Amino acid sequence: MRVLLVGSGGREHALAWSISKSPKLTKLYASPGSDAISEFAEIVSGDRPDVDLVIIGPEVPLAEGLADQLRGEGILVFGPNKDAARLESSKSFAKEFMVRHQIPTARSKTVNSLQEGKAALAEFTNGVVVKADGLAAGKGVIVCATREEAEAALTAKPAECLVLEEYLEGPEVSLLGLCDGKRFLALPTSSDHKRLLDGDRGPNTGGMGVIAPAPAWNEAMRARVESEIIQPTLLGLAKDGLDYRGLLYIGLMLTPEGPKVLEYNCRFGDPETQAVLPLLQSDLLQALAAAAGGDLSGEELRASGCAVTVVLASEGYPSKPISGRLISGLDLEELVFHAGTRNNGDHWITNGGRVLGVTGLGETHAQARERAYHAANKINFDGRQMRSDIGAALPTPA
Ligand SMILES: Nc1ncnc2c1ncn2[C@@H]1O[C@H](COP(=O)(O)OP(=O)(O)OP(=O)(O)O)[C@@H](O)[C@H]1O
Ligand SMILES: [Mg+2]
């Protein structure tokens, strides 16, 4: 199978690494790709090479309709069409979808002006979350503990369509699965660490580390999420005429009242993918192609073990990341995914906010965590930021 992978980040590096192990792969191209991805793929720009499958990594091309365009040309695509990608690209659309199909989620109200927003705050007394409707590269959500914070958040975005949501509490779990329009084939769960600093302090980021499977996950919760969330989501897609072929990312909050959907994303999560894909024993490419072809019925995704991914970020990240620093200690034996690097011919150089994701694997979370940090501590660059507590706050085993 000849495959084109669209994207250039840590997620796509992990996808390229995983796909390149498939005996089904005859040739991998990447666009725009990266120096790290070029280890596995031929980088192409301009004319699209003749391929059997296109895998679209990031949300922006999906929201812009790249999948529709390619399908229109008769090409097999992993990634939803523009209308289905609205589950991610419009929070108000996703909320209406969940309400229409009785999928448990935080109570919410969509507002279109500052005045409307301020009036709606009275309906949210236990904390409110203010979300920009459209794609915001992880910067569109403000969790507000007080009314003053909420008013400030609204005032900062006076003219935008915003979703106000009740504040929920509980462990967060990212559930990623391949979807063929009718079925959902789950990957191992994971939990991201969004805050910059140890102890979940500091500003929100694109993700500073991941633990997989999610420690809060168990068989009882899986069964509940299957019947209360996955099945109604699949039925809802069918009822609404959305032929969803791609990765469906369900962001869950396990509240005391039960699991609720925080968000849908229409692509693999980053950095979650860097922790989850190394746990797979099955051929990922085969399953991606089956989802793209609309028939996952014969597929399975076997996985085992635990993973911890530690992100190494640039000085100044997330607000003003500084690039151009020399990276030392990159040992190719380790499982290191490149999110923001370039190679100048002799050396790897930082090139973005999140630079590297270092994944450790083990039979237990503790073992995976120790291996991830052992490897991460060998890698350095000026101003490197790294949390030291990824996967540390594990619940005490029963
Ligand atoms: N109703 C809520 N109650 C409490 N926290 C919330 C709520 N909604 C969102 N959050 C927090 O804010 C984070 C980001 O929210 P959300 O996932 O909707 O935004 P996003 O910008 O689409 O994120 P991503 O970059 O992961 O796609 C969540 O991971 C969660 O930690
Ligand atoms: Mg999102």
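Counting convention: from 1, in listed order, for ligands and their atoms alike. Basis for what follows: all heavy atoms, side chains included, without hydrogens, waters or symmetry-related copies. On a predicted model such as this, the values are computed, not experimentally measured, just so you know.
Only the side chain of Arg267 comes within 4.0 Å of ligand 1, judged by heavy-atom distances. At a heavy-atom distance under 4.0 Å, no atom of Glu169 approaches ligand 1. Under 4.0 angstrom from ligand 1, the non-hydrogen atoms of Leu168 come from both its backbone and its side chain.
A salt bridge is defined here as a Lys NZ or Arg NE, NH1 or NH2 lying under 4.0 Å from an Asp or Glu carboxylate O, and Glu334 with Lys378 meets this definition. For the pair Glu165 and Lys95, the salt-bridge criterion is met [side-chain N within less than 4.0 Å of a carboxylate O]. Of the charged side-chain nitrogens involved, none lies within less than 4.0 Å of a carboxylate oxygen, so that Arg86 and Asp133 do not count as a salt-bridged pair. In summary, Lys131 and Glu263 do not engage in a salt bridge, as defined by a charged side-chain N under 4.0 Å from a carboxylate O.
Excluding waters, the set of protein N/O/S atoms under 2.8 Å from the Mg ion (ligand 2) reads Glu263 OE1, Asn265 OD1.
Below 4.0 Å from some heavy atom of Glu263 lie the following atoms of ligand 1, by number and element: 16 (P), 17 (O), 18 (O), 20 (P), 22 (O), 23 (O), 24 (P), 26 (O), 27 (O). Close contacts of ligand 1 with Tyr167, meaning ligand atoms under 4.0 Å from a residue heavy atom, involve 3 (N), 4 (C). Proximity to Lys91 (heavy-atom distance under 4.0 Å) selects the following atoms of ligand 1: 16 (P), 18 (O), 19 (O), 20 (P), 22 (O). Taking every non-hydrogen atom of Met253 and a distance limit under 4.0 Å, the qualifying atoms of ligand 1 come out as 4 (C), 5 (N). For ligand 1, the atoms closer than 4.0 angstrom to any heavy atom of Glu165 are 1 (N), 2 (C), 7 (C), 8 (N).
Closest to atom 8 (N) of ligand 1, if we only count protein heavy atoms, is Lys131 NZ, 3.0 Å. With respect to atom 2 (C) of ligand 1, the closest heavy atom belonging to the protein is Val129 CG2, 3.5 Å. Of the protein's non-hydrogen atoms, the one nearest atom 7 (C) of ligand 1 is Leu262 CD2, 3.5 Å. Annotation: atom 30 (C) of ligand 1 to nearest protein heavy atom, Glu172 OE2, 3.2 Å. Summary of contacts: the protein heavy atom closest to atom 11 (C) of ligand 1 is Val143 CG2, 4.1 Å.
For the ligand labelled ligand 1, residue Arg107 lies outside the 4.0 Å heavy-atom shell. Put simply, part of Glu166 is less than 4.0 Å from ligand 1, judged by heavy atoms.
Using the six-membered ring where Trp is involved, Phe337 and His13 have ring planes that are perpendicular, over 60° apart on the 30 and 60° scheme.
For atom 15 (O) of ligand 1, the choice among Leu164, Val163, Val141, Thr105 with the nearest heavy atom turns out to be Val141.
Applying the salt bridge (Lys or Arg N to Asp or Glu O under 4.0 Å) definition to pairs two or more places apart or across chains, those involving residues 179-191 are Asp180-Arg183, Arg183-Asp295.
Looking at Glu315, its side chain never comes within 3.5 Å of a backbone N or O of Ile322 through a donor-acceptor pair. Of the possible donor and acceptor atoms, one in the side chain of His193 sits under 3.5 Å from a partner among the backbone N and O of Gly209. Under the 3.5 Å distance criterion, the side-chain polar atoms of Glu12 are matched with a main-chain donor or acceptor of Gly9.
Side chains of Glu300 and Ser282: a donor-acceptor N/O pair is absent below 3.5 angstrom, by distance only. Looking at Glu272 and Ser190, their side chains never bring a donor and an acceptor atom within 3.5 Å of each other.
Applying side-chain contact (heavy atoms from CB on, under 4.5 Å) to Leu277 and the options Leu284, Leu176, Leu335, Ile19 leaves one that passes, Leu284.
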Checklist entry - Given the rule in the side-chain hydrogen bond (donor to acceptor under 3.5 Å, both in side chains) test, do Ser328 and Asn380 qualify, once you have shown the distances and angles that lead to the verdict? => result CA-CA 5 Å; Ser328 65; Asn380 208 0; 5.5 Å; no

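To the nearest 0.5 Å, atoms CG (Asn126) and CD (Glu169) are separated by 9.0 Å.
Distances between N or O atoms of Asn265 and those of ligand 1 include at least one value under 3.5 Å.
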